[in-house]
Amino acid sequence: MPLSKSKPLFSFLHSKFPLLQMATLITTAPTHKRARLKGVVFDMDGTLTVPVIDFVAMYKAVLGDDEYRRIKAESPSGIDILHHIESWSPEKQQMAYETIADYERRGLDRLQIMPGAAELCGLLNAKKIRRGLITRNVKGAVDLFHQRFGMTFCPALSREFRPYKPDPAPLLHICSDWEVLPNEVMMIGDSLKDDVACGKQAGAFTCLLDQTGRYDSPEYANVDLKPDFKVSSLTEVYSLLEEHFDLAP
């Protein structure tokens, strides 16, 4: 979907909620009252599904070893490969997209649901809390995920929706579709540079899934992006939501 299609969501939210300031919205819940949660938006790869794509190998295949090391040194929170190749020539871009698509196809063959995902979604359903999905993967991967695991997320935005994460537009589009404020929504994902950045810029709550503790390493100590919450598994999320939010249906 082109960028122009996403612009009305800003005017919708401002007209419906004139005091809302998108980029600077404070997402800390008031201490005297728990925030109302009306929706949860998930990343897919590495969040709802077990990580199967070797991103380092993919980045090196697209960029080359030397360029990969240079960009990695400049971007401690991670490499935005899709953004990086946008400035390339059409021919070079096409080769890069084909390489990325090949790694993604191989990942689909090994697609597995993340432990705790089905249970968490069932609990959210019981509370009538909406579920959306934003991924930088392609629509075919989202369709396969829905079919294989019998779980539906709506809206489910793939990288065909432009601009994609970490731009806040996909999350704001979902808020507009649901007719809720961004600070009534939580974004859950395994990436600081994509998921947490998207959520923060939209004014939503953010939860970082860090299964291995990699974001505790020194290289991430001074990054600007800080999630509101951090968990090591999806099984921890529901108790976190119960503790910090009003989940009344």
Checklist entry - Just by distance, do the side chain of D190 and the backbone of L209 share a donor-acceptor pair under 3.5 Å? => result no

Checklist entry - Would you say the side chain of V41 lies within less than 4.5 Å of the side chain of W178, judging by non-hydrogen atoms? => result yes

Checklist entry - From C121 SG over to L123 CG, what is the distance, rounded to the nearest 0.5 angstrom? => result 9.0 Å

Item to check | Transitive ILVMFWY side-chain link Y97 to I71, under 4.5 Å | outcome: yes

Item to check | Residues forming a side chain to side chain contact (heavy atoms under 4.5 Å, CB included) with A96, sequence neighbours excluded | outcome: V62, I85, W88

Checklist entry - So how far is it from F245 CZ to E184 CD, rounded to the nearest 0.5 Å? => result 11.5 Å

Checklist entry - Any side-chain heavy-atom pair from I174 and V185 closer than 4.5 angstrom? => result no

Item to check | Flag, side chain of E119 to backbone of T235, donor-acceptor distance under 3.5 Å | outcome: no

Item to check | Set of side chain to side chain donor-acceptor pair (under 3.5 Å) partners for S158, sequence neighbours left out | outcome: E160

Item to check | Closest non-hydrogen atom pair between M186 and C207, with its separation | outcome: SD-CB, 3.7 Å

Item to check | Residue pairs passing the side-chain hydrogen bond (donor to acceptor under 3.5 Å, both in side chains) test where at least one lies in residues 138-151, sequence neighbours excluded | outcome: K139-D143

Checklist entry - To the nearest 0.5 Å, what is the distance between CG (L247) and CD1 (I129)? => result 4.5 Å

Next on the checklist: Counting neighbours of CG on D216 that are heavy atoms of other residues, nucleotides or ligands and sit closer than 6.0 Å, is the number greater than 12?
Outcome noted: yes

Checklist entry - With Y238, which residues qualify under side chain to side chain donor-acceptor pair (under 3.5 Å), at least two apart? => result none

Item to check | Point-to-point distance, once rounded to the nearest 0.5 Å, from CG of L63 to CZ of R69 | outcome: 11.5 Å

Checklist entry - Do V237 and V40 have side-chain heavy atoms sitting under 4.5 Å apart? => result no

Next on the checklist: Between D167 and R162, does the salt bridge (Lys or Arg N to Asp or Glu O under 4.0 Å) criterion hold? Intermediate values first, please.
Outcome noted: CA-CA 9 Å; D167 194 285; R162 298 294 185 96; over 6 Å; no

Next on the checklist: If we ignore hydrogens and angles and just use 3.5 Å, is the side chain of K38 paired with the main-chain N or O of V180 as donor and acceptor?
Outcome noted: no

Checklist entry - How would you list all residue pairs meeting salt bridge (Lys or Arg N to Asp or Glu O under 4.0 Å) that involve residues 124-136, not counting sequence neighbours? => result D80-R136, R136-D194

Checklist entry - What pairs of residues pass the salt bridge (Lys or Arg N to Asp or Glu O under 4.0 Å) test when at least one of them lies in residues 201-210, not counting sequence neighbours? => result D210-K230

Checklist outcome for this item: Scanning both residues in full, the closest heavy-atom pair of L82 with Y164 reads CB-OH, 3.3 Å

Next on the checklist: Taking the ring of F205 and the ring of H244, is the distance between their centroids below 6.0 Å?
Outcome noted: no

Checklist entry - Looking only at heavy atoms, which two atoms of P170 and L157 are closest? And how far apart? => result O-CD1, 3.5 Å

Checklist entry - Are the side chains of L171 and P182 in touch, meaning some heavy atoms are under 4.5 Å apart? => result no

Checklist entry - Residues in side chain to side chain donor-acceptor pair (under 3.5 Å) with D246, at least two apart? => result none

Item to check | Donor-acceptor under 3.5 Å (T49 side chain, M44 main chain) | outcome: yes

Item to check | Value rounded to 0.5 Å, distance of CD1 in I134 from CG in D43 | outcome: 9.0 Å

Checklist entry - Within the distance-only criterion (no hydrogens, no angle test), does the side chain of D195 pair as donor or acceptor with the backbone N or O of I188 below 3.5 angstrom? => result no

Item to check | Approximate separation, where rounding is to 0.5 Å, of L120 CG and N125 CG | outcome: 9.5 Å

Checklist outcome for this item: Sorted by chain and residue number, the side chain to side chain contact (heavy atoms under 4.5 Å, CB included) partners of E98 (sequence neighbours excluded) come out as Q94

Checklist entry - Got a sec, which residues hit salt bridge (charged side-chain N to carboxylate O under 4.0 Å, His left out) with D65, two or more places apart in sequence or on another chain? => result none

Checklist entry - Within a strict 4.5 Å, meaning less than it, do heavy atoms of the K165 and S191 side chains meet? => result no

Next on the checklist: My understanding is that only residues two or more places apart in sequence, or in another chain, count here; which of them pass salt bridge (charged side-chain N to carboxylate O under 4.0 Å, His left out) with E67?
Outcome noted: R70

Next on the checklist: Tell me every residue that passes side chain to side chain donor-acceptor pair (under 3.5 Å) with S232, counting only those two or more places apart in sequence or in another chain.
Outcome noted: E236

Item to check | For F145, all residues meeting ring pair (Phe, Tyr, Trp, His ring centres under 6.0 Å), sequence neighbours excluded | outcome: F149, F153

Checklist entry - Between K200 and D228, does a side chain to side chain contact (heavy atoms under 4.5 Å, CB included) hold up when you go through it step by step? => result CA-CA 9 Å; K200 284 291 186 182; D228 297 296; 3.2 Å; yes

Next on the checklist: Starting from V138, can I reach L111 by hopping between I/L/V/M/F/W/Y residues whose side chains sit under 4.5 Å apart?
Outcome noted: no

Checklist entry - Between L124 and L241, does a side chain to side chain contact (heavy atoms under 4.5 Å, CB included) hold up when you go through it step by step? => result CA-CA 10 Å; L124 294 176; L241 297 180; 4.0 Å; yes

Next on the checklist: Quick one, M114 and P51 - any side-chain contact, counting heavy atoms below 4.5 Å?
Outcome noted: yes

Next on the checklist: The test is side chain to side chain contact (heavy atoms under 4.5 Å, CB included); show your working for V56 and Y68 and say whether it passes.
Outcome noted: CA-CA 9 Å; V56 172; Y68 167 78; 3.7 Å; yes

